[in-house]
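Just so we're on the same page: letters track the sequence lines, and every chain starts at 1.
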There are 2 protein chains.
Amino acid sequence: MKSEMTNQNPTMDHLFELYEGKFKAIADKKRLQIMNILTQNGSMCVCDIAPLMEMSQSKLSYHLKILLDANIIKKETKGTWSFYELNQDELNHLLSPELCCLFKPTCC
Amino acid sequence: MKSEMTNQNPTMDHLFELYEGKFKAIADKKRLQIMNILTQNGSMCVCDIAPLMEMSQSKLSYHLKILLDANIIKKETKGTWSFYELNQDELNHLLSPELCCLFKPTCC
DNA sequence: CTTATTAATCAATTTTTTTTGATTTTAATT
DNA sequence: AATTAAAATCAAAAAAAATTGATTAATAAG
């Protein structure tokens with residue numbers, strides 16, 4: 001007999017998994033705060049974010065990695081420093097224009 | 001001495017908490033799938049969603065409650081039935097127009 | 001009144017995520 | 001070469017979220 005069609009379309013399934021990952025990355029108070037700090041300051045190294053976040057270096061690295069893996073932020077290494085900045089393109093694809101107030105410097 | 005100003009603005013803090021909740025609610029494959037099913041079928045009772053999700057009743061109730069608490073879906077009780085539907089307003093405030101393809105019936 | 005149906009809730013368990021502190025890696029400085 | 005600094009990684013512990021199966025509550029139907 002034929003397949004049951006109770007299963008989700010595999011393409012859709014793949015999309016849901018993709019967005020699960022991205023939303024999971026931004027579904028965190030602290031990470032939203034990091035994003036907001038990057039909004040206001042542009043590209044920043046970890047050592048400059050840390051004091052603003054009042055967060056240990058290892059903890060901050062952990063959260064930055066989650067945002068980076070989800071492509072919410074971008075990273076550039078210069079010497080011993082890692083500079084992070086928001087991936088505006090990604091955010092525009094993901095969030096409503098109204099959330100721009102939080103994550104676009106021009107809005108507030 | 002004065003306060004340190006290392007702490008976040010309380011208004012912002014409150015906003016981050018609000019969005020943490022909303023993004024957490026949609027940061028799940030299964031819940032995105034539920035939302036997609038509601039997109040395609042409009043208002044549905046739990047007993048009609050369950051077979052499409054291949055999910056136990058108690059598990060489905062759990063996930064619906066999370067979406068409901070985050071105001072992503074709305075609920076209406078008729079007799080013993082609970083009918084759920086998407087809260088389009090909320091989604092429009094939250095998600096990019098491009099994500100409409102997933103959560104607006106007119107788009108796909 | 002009794003039985004059946006729908007869906008919410010609960011407690012216990014399992015799984016996932018986050019936190020912590022230490023260690024490692026890489027590069028810059030002396 | 002030795003020291004310092006920045007940041008990533010790791011393993012263990014703690015915390016949070018999801019799953020399971022059973023129970024409960026509310027309504028409908030016989």
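When distances run from any side-chain atom of Y62(A) to the nucleotides dT9(D), dT19(C), dA18(D), the shortest one goes to dT19(C). Distances from the side chain of K24(A) to the nucleotides dA8(D), dT17(C), dA6(D) place dT17(C) closest. Residue D28(A) places its side chain closer to dT18(C) than to any other of dA18(D), dT19(D), dT18(C). Nearest nucleotide to the R31(A) side chain, out of dT18(C), dT6(C), dA7(D): dT18(C).
Where T80(A) and S58(B) each meet DNA chain C at their nearest nucleotide, the meeting point lying more 5' is that of S58(B). DNA chain D is contacted by both W81(A) and M55(B); W81(A) maps to the nucleotide lying nearer its 5′ end (nearest heavy atom per residue). Map V46(B) and S56(A) each onto its nearest nucleotide of DNA chain C; the residue landing nearer the 5' end is V46(B).
Using a 4.0 Å heavy-atom criterion, one finds that F83(A) contacts no nucleic acid atom at all. As judged by a 4.0 angstrom heavy-atom cut-off over every strand, S82(B) is placed among residues touching the sugar-phosphate backbone only. Nucleic acid contact class of I66(A) (heavy atoms, under 4.0 Å, all strands): sugar-phosphate only. Residue contacts shown for K75(B) are limited to sugar-phosphate atoms, with no base heavy atom under 4.0 Å away.
Across the protein-nucleic acid pair, I49(B) atom CD1 and dT6(C) atom P stand 14 Å apart, rounded to whole Å. Look at CD on E20(A): it is 12 Å from C1' on dA18(D), rounded to the nearest Å. Taking atom CG on L67(B) and atom P on dA8(C), their separation rounds to 12 Å, with Å as the unit. Computed from coordinates, the E54(B) CD to dT20(D) P distance equals 13 Å when rounded to whole Å. Rounded to a whole Å, the CG atom of L60(A) is 16 Å from the P atom of dG21(C). dT16(C) atom P lies 12 Å from atom NZ of K29(B), rounded to whole Å. The CD-P distance, from E76(B) to dA7(C), rounds to 13 Å in whole Å. Put simply, CD1 on I34(A) is 13 Å from P on dA7(D), counting in whole angstrom units.
Closest approach of I26(A) and L94(A) over heavy atoms only: CD1-CD2, 4.3 Å. Between N71(B) and N87(B), the closest heavy-atom pair is O-ND2, 3.1 Å. Among all heavy-atom pairs drawn from L67(A) and A25(A), the shortest one is CD2-O, 3.7 Å.
At the phosphate of dT17(C), neither OP1 nor OP2 sits under 4.0 Å from any side-chain N or O atom of H63(A). Contact annotation: K59(A) side-chain N/O to dT20(C) OP1/OP2 distance is under 4.0 Å.
Judged purely by atom type and a 3.5 angstrom limit, R31(A) has no side-chain atom pairing as donor or acceptor with the backbone of E20(B). At least one donor-acceptor pair closer than 3.5 Å links the side chain of Q88(A) to the backbone N or O of F103(A). Judged by distance alone, the side chain of K22(B) and the main-chain N or O of A70(B) form a donor-acceptor pair under 3.5 Å.
Evaluation of atom-type donor-acceptor distances gives a pair under 3.5 Å for the side chain of Q57(A) against the base of dA8(D).
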